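Since the structure comes first, as structure tokens, the remarks are kept for the end.
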Amino acid sequence: MIEPGDEFEIVTDTIAHGGACVGRHEGQVVFVRDAVPGERLRVHIDSMGKGNRFAHAHVIEVLEPSPSRRTHPWPEADALLTPQPVGGADYGHILPDTQTRLKKQVIAEQLTRLGRMDPESDLLRGLVVDALDRTPDGGWRTRVHWAVDDTGRLGMHPYHGADILPVQELPFAVEAINALHLWEGEWRNIQRVDVAAPSSSDPALVVLTAAEGIIPEEIVDDVDVELATCLPAGQEVSAVIVPAPVSGRQRGEKPESQLVRGTSEVHEAVTAPGCEKLMFRVGAGGFWQNHAKAPDWLMNTVAEASGLEPGQTAWDLYGGAGLLAAGLADRVGERGTVWTVEGSPVTADDAAHNFSPEGRARTSGARDTEVVVTRSGVEQALRRWAAGNGGPHHARSRRGGPRADVPQGSPDVVVLDPPRQGAGRRVVEAIAGAEPSRIVYVACDPAALGRDAGFLRDHGWEPTWLRGVDMYPDTHHVETIVVFEKG
């Protein structure tokens, strides 16, 4: 029987969802991280799974490497160099072409196992995972965050660990982030530092989360001094301090965010269908895609996959700042309607602004498209739609003023881009009950997609188009787009 602390040789055969490879020792399954399929390794058992039915291990020594193994581009994340590799690059030891091939296998396995699709179907056999280009400086990530240790230094957590390990430059970040040299500061009374480097001419935005019990207003001057210490001469930056998140039901007023310098928002430039340039406001703490090339790819791919025609109605669920809604609005035109639903107050306000007369997220073909932005959880919004009763947090954005209701009638197409946990059974049932002609599911987690695909198939919806995109290179994460139509 395998026990934690055991060490032995093992041969890996397949990749598993979550990034580990699968091997077997004395008939027992072992999930080995930092491995590549087809390697002979010496491993250390870290823990046992439920009921001791499987084990988790990490690599001690590579005895027979795969031809797809490479030198990790980030030493701090290389498990063969350090006993505590930082997170954020768990596929960094694998050649890029092999990374996309493994991600294709994971998508297909989850859609087969959880979605009950035929593994020999034309869709799964023909599945392609596109790789997005990096920026000229070699980076790809426009949003990053550091944890802050007890001394005020920036760092990152190791795999499933609470420690904070010091790091400086992030090799996956775009140059505009590394150019700030924030690791040279001592961020006292701060627990987290986030940076957004926009695609527009705006300076980068630094969002500093205050430590628990610290009022942002009281540390504005300290933060400004540290920024002056870090930033190279002539380097502009915006910065805002936000209060620590409050968990549970606590009384009292939450402290306000405090602007340190610049503004508390950035603007993102996106090339829409027809090569029109659009601009999206994204506030501090608001959601935007991490990969520099992802917004263009997603807007155009989803708009095309929707198959929408002029005058039709589209729903954009978990809509964020309106990226996908802008492409859908271009498809339905001035006689069409787009309903976008977003639960985050910051991001929903961004979406309402982006489609307002002051916003710049409309193509020339969508100047008068009815775009209804609803700030709500998706399940609650769908319940109100089904009941024919609009809620209080609605803002309508057609040239002409506000409106406080949800669209009437059924959608022609539903697009949903849920968070990592997926949409879930009740949301899937509500979408199916709205009787659209097509559903476009954008997924950032293959397992959640597989589960929800199974729910949709239970309601008679079958996948008819499938595409993957590697928006998270050197990690096990992958984005997937699936079109479902009534079988």
Side-chain angles (χ1 to χ4, degrees), residues 74 76-77 84-90 92 135 139-199 202-212 214 216 219 223 226-227 230-231 237-247 257-258 260 262 264-266 268 282-292 294-295 320-321 344 346-347 350 419-420 444 471-477:
W74 190 16
E76 290 89 340
Q84 282 191 302
V86 297
D90 59 333
T135 57
W140 59 271
R141 194 170 180 120
T142 65
R143 264 77 180 160
V144 304
H145 75 267
W146 287 273
V148 182
D149 67 16
D150 292 339
T151 69
R153 296 294 184 180
L154 299 186
M156 296 183 70
H157 295 289
Y159 176 80
H160 284 190
D163 294 340
I164 298 177
L165 308 177
V167 296
Q168 295 188 358
E169 287 187 324
L170 302 176
F172 48 74
V174 296
E175 176 58 26
I177 292 175
N178 286 324
L180 302 179
H181 289 217
L182 295 179
W183 55 83
E184 295 181 2
E186 291 187 7
W187 304 100
R188 306 283 184 176
N189 298 313
I190 298 295
Q191 62 175 288
R192 173 173 166 138
V193 175
D194 291 76
V195 184
S199 53
D202 291 353
L205 172 62
V206 181
V207 181
L208 304 105
T209 302
E212 291 186 16
I214 300 299
I219 58 173
V223 166
E226 289 306 314
L227 286 172
C230 301
L231 296 175
V237 71
S238 293
V240 61
I241 308 171
V242 300
V246 178
S247 60
S257 300
Q258 293 293 317
V260 179
S264 60
E265 62 193 36
V266 295
E268 296 287 351
V282 182
F287 175 77
W288 192 253
Q289 294 293 340
N290 286 326
H291 197 297
S344 162
V346 172
T347 309
D350 286 336
R420 197 163 303 282
C444 59
M471 287 168 38
Y472 314 96
D474 294 340
T475 79
H476 71 272
H477 300 292

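Side chains are part of it too, since the values below use all heavy atoms of this structure and drop only hydrogens, waters and symmetry mates. Treat the numbers as computed from the prediction; the structure is a model and nothing was measured.
No side-chain heavy atom of V144 sits less than 4.5 Å from a side-chain heavy atom of N290. Contact check for L205 versus V195: no side-chain heavy atoms found under the 4.5 Å cut-off. Within the 4.5 Å cutoff, the side chain of V148 has no heavy atoms near those of the T209 side chain. With contacts defined as side-chain heavy-atom distances shorter than 4.5 Å, the pair D474/F172 does not qualify. Between P243 and S257, some side-chain heavy-atom pair lies under the 4.5 Å cut-off. Inter-residue side-chain proximity for H291 and R141 is flagged as unmet; no heavy-atom pair is nearer than 4.5 Å. You'll find the side chain of W140 reaches within 4.5 Å of the side chain of P473, heavy atoms only. Residues H157 and V86 have side chains not in contact (no heavy-atom distance under 4.5 Å, counting atoms from C-beta outward).
Aromatic ring orientation, H477 versus Y472: perpendicular (interplanar angle above 60°, classes split at 30° and 60°).
In this structure, the side chain of T347 engages the main chain of F287 through a donor-acceptor pair within 3.5 Å. Judged by distance alone, the side chain of D350 and the main-chain N or O of G283 form a donor-acceptor pair under 3.5 Å.
Atom CD of E212 has 12 or fewer heavy atoms from other residues, nucleotides or ligands within 6.0 Å.
Considering every non-hydrogen atom in both P216 and V242, the closest pair reads CG-C, 4.0 Å. A pairwise comparison of heavy atoms in G262 and S238 identifies CA-OG, 3.5 Å as the closest pair.
Here the CD1-CG distance, from I219 to N189, works out to 5.5 Å after rounding to the nearest 0.5 Å.
Just one residue in the list L170, I190, D194 forms a side-chain contact (heavy atoms from CB on, under 4.5 Å) with W146, and that residue is L170.
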